[in-house]
2 protein chains.
Amino acid sequence: MTLPSVRRSVLVDDVIQRLRAEITSGRWPVGGRIPTETALTEQLGVARGTLREATRALIHAGLLQARQGDGTYVRATNELAGAIQRLDSELADVLEVREALDAQAARLAAERITPQGLAALDGLLAERADAWQRRDRDAWVRADHAFHQAVAVASGNALLSDLYTALGPALRRSMAAHWDERGFHGADHRGHEDLLDALRAGDTARAARSAAANIDATQGWHRDAHATAPEPSATTEG
Amino acid sequence: MTLPSVRRSVLVDDVIQRLRAEITSGRWPVGGRIPTETALTEQLGVARGTLREATRALIHAGLLQARQGDGTYVRATNELAGAIQRLDSELADVLEVREALDAQAARLAAERITPQGLAALDGLLAERADAWQRRDRDAWVRADHAFHQAVAVASGNALLSDLYTALGPALRRSMAAHWDERGFHGADHRGHEDLLDALRAGDTARAARSAAANIDATQGWHRDAHATAPEPSATTEG
DNA sequence: GGACGTTAAAGGTCAGACGTTTTATGTCTC
DNA sequence: GAGACATAAAACGTCTGACCTTTAACGTCC
């Protein structure tokens, strides 16, 4: 017979799926500690080796983090960020991708954003401006990223939002390598307010244009930083 | 002492890294079979359980595929496609993200594409047209995707290109679910030729506009397919 | 109350055994 | 000689049990 066989799925895959479901469902919240290996082997009725293969898969994927002698913790709810970081991309490349996503997020958000979304953006922009005045770099980075992230969420596109989130760590990692060489780059106040106005007005074209312009500013800073070094090999990259 | 300890990395992580290096370097080519567990345990000097944890991590990541009784094969060189597919995105969301990446790829390619790149695009477009005339759906899909992929590569942005590639399976998967409901959608001959012209001319704005217009056509097809069903719940999607 | 040593518990690694599936081999029959 | 079948080898899948390493909590001592 050519019956494609009952294809009794591999046990480890079942375990992976069940552990992953606990994470994605939020029953195991990010930052929390999951049950011990002993407990899980009993609950799931599998050998420790099988369970360890499953957890190791999720650890590599970036969903879990194991600490010997302590326990295993939840780190993320999807594997996107981990996958992107393993690509080890150049900052310039990350910025170009972010520019594309940013513009599209702005465009879509201009059509779909809700009053609540607009209010949230208002608050984040105020935080961002406040941090800038206090010269608090970390707070500014947080607020700035939260603002962009909120725009991505307001796009109503889950994939776009997830991608944007996942790009964050790679961006910060690359950025940090350049930051101390060149210093804190000048933040563009007006650009973000212009974007917010466009979203409020539902002006898709202006929103996209404004978002692109904001990224351009960062790219300009990045280009300038490199222009100071005549030889690319003189920097930390490469 | 507060010396952050020698941080003797976990053995499994070393193994994962070494296996992954074999894949990313191309020493283990995609589609090929990797050495058996017995051989690897000897080469690496680790227990079978440790090796299995490593391979399991790469299997879940989508880099490897194990077949009981046969062997383990290389499936991909990075974990992006696997990560994106686990998000289980809506087709509409995938199309919107692809639109953003497509336009950006076209814009960048218009600045950076080489004569060889242009020649390659010429050939792919001819293949695409030929498949269309022969009413060969599979060949057309392949050629169409290869064309877009080539544009992404011509952008000179590795991250953008990788993302585009990784989006492919998710796109095809979603698309297949809709295809038979609505039939093969009308392909736009002129749009792609217009894009190629813009690239040849180095016209970034026109290239981006053309790319966006091409995606719009697919989105229109997708929208129409849903418009035929008055109740969204009447379709296969959730 | 703080410094220190002890100890229990958690994850990390190793070893060996057996099960299940696939592929290749070899034999038998027509 | 070609095809069908039975057999055996090889590969991944799972289980059991032991021991190591690291961490955190506890308790003791000064």
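Residue B:T72 places at least one side-chain N or O closer than 4.0 Å to OP1 or OP2 of D:dC12. At the phosphate of C:dG12, OP1 or OP2 sits under 4.0 Å from a side-chain N or O atom of A:R56. Close to C:dT22, at under 4.0 Å from its OP1 or OP2, lies no side-chain N or O of B:R67. Residue A:T50 places at least one side-chain N or O under 4.0 Å from the OP1 or OP2 atom of D:dC15. Proximity of B:T36 to the phosphate of D:dA10: no side-chain N or O atom is located under 4.0 Å from OP1 or OP2. Residue B:R33 has no polar side-chain atom (N or O) positioned under 4.0 Å from OP1 or OP2 of D:dA11.
Of all nucleotides listed (C:dG11, D:dT14, D:dA24), D:dA24 comes nearest to the side chain of A:D70.
Comparing B:I59 and A:G69 by the nucleotide of DNA chain D whose heavy atom lies nearest to each, the residue mapping closer to the 5' end is B:I59. Mapped onto DNA chain D by nearest heavy atom, B:T38 and A:G49 fall at different nucleotides, with B:T38 at the one closer to the 5' end.
When rounded to the nearest whole Å, the span between CG of A:L51 and C1' of D:dG13 equals 15 Å. Separating the CZ atom of B:R48 from the P atom of D:dG13 is a distance of 8 Å, rounded to the nearest angstrom. For A:E37 and C:dG12, the CD to P distance is 6 Å, given to the nearest whole Å. As a whole-Å value, the separation of A:L64 CG from C:dA10 P is 17 Å. Whole-Å rounding puts the A:L11 CG to D:dC12 P distance at 18 Å. The CD-C1' distance, from B:Q65 to C:dT22, rounds to 14 Å in whole Å. Atom CD in B:Q68 sits roughly 19 Å away from atom P in D:dA9 (whole-Å rounding). Atom CG of B:L40 and atom P of D:dC12 are 8 Å apart (whole Å).
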> Passes side chain to side chain contact (heavy atoms under 4.5 Å, CB included), B:V151 versus B:H148? Steps please.
Replying inline: CA-CA 5 Å; B:V151 174; B:H148 285 275; 5.6 Å; no

>> Could you go through A:L80 and A:T165, starting from their C-alpha distance and side-chain angles, then the distance that decides it, and tell me whether this counts as side chain to side chain contact (heavy atoms under 4.5 Å, CB included)?
In response: CA-CA 9 Å; A:L80 215 46; A:T165 306; over 6 Å; no

> Are A:L160 and A:L101 close enough, and set up right, to give a side chain to side chain contact (heavy atoms under 4.5 Å, CB included), and what steps lead you there?
Replying inline: CA-CA 7 Å; A:L160 180 54; A:L101 298 180; 3.5 Å; yes

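Among residues two or more places apart in sequence or in another chain, the salt bridge (charged side-chain N to carboxylate O under 4.0 Å, His left out) test is passed with A:R142 by none. For the side chain to side chain contact (heavy atoms under 4.5 Å, CB included) test, residues two or more places apart in sequence or in another chain that qualify with A:A39 are A:P35, A:T36, A:Q43.
Environment of CZ in B:R18: sparse, with no more than 12 heavy atoms of neighbouring residues, nucleotides or ligands closer than 6.0 Å.
The stretch residues 16-28 of chain B does not touch DNA chain D, since none of its heavy atoms comes less than 4.0 Å from the strand.
With hydrogens and angles disregarded, a donor-acceptor distance shorter than 3.5 Å links the side chain of A:N157 to the backbone of B:D93.
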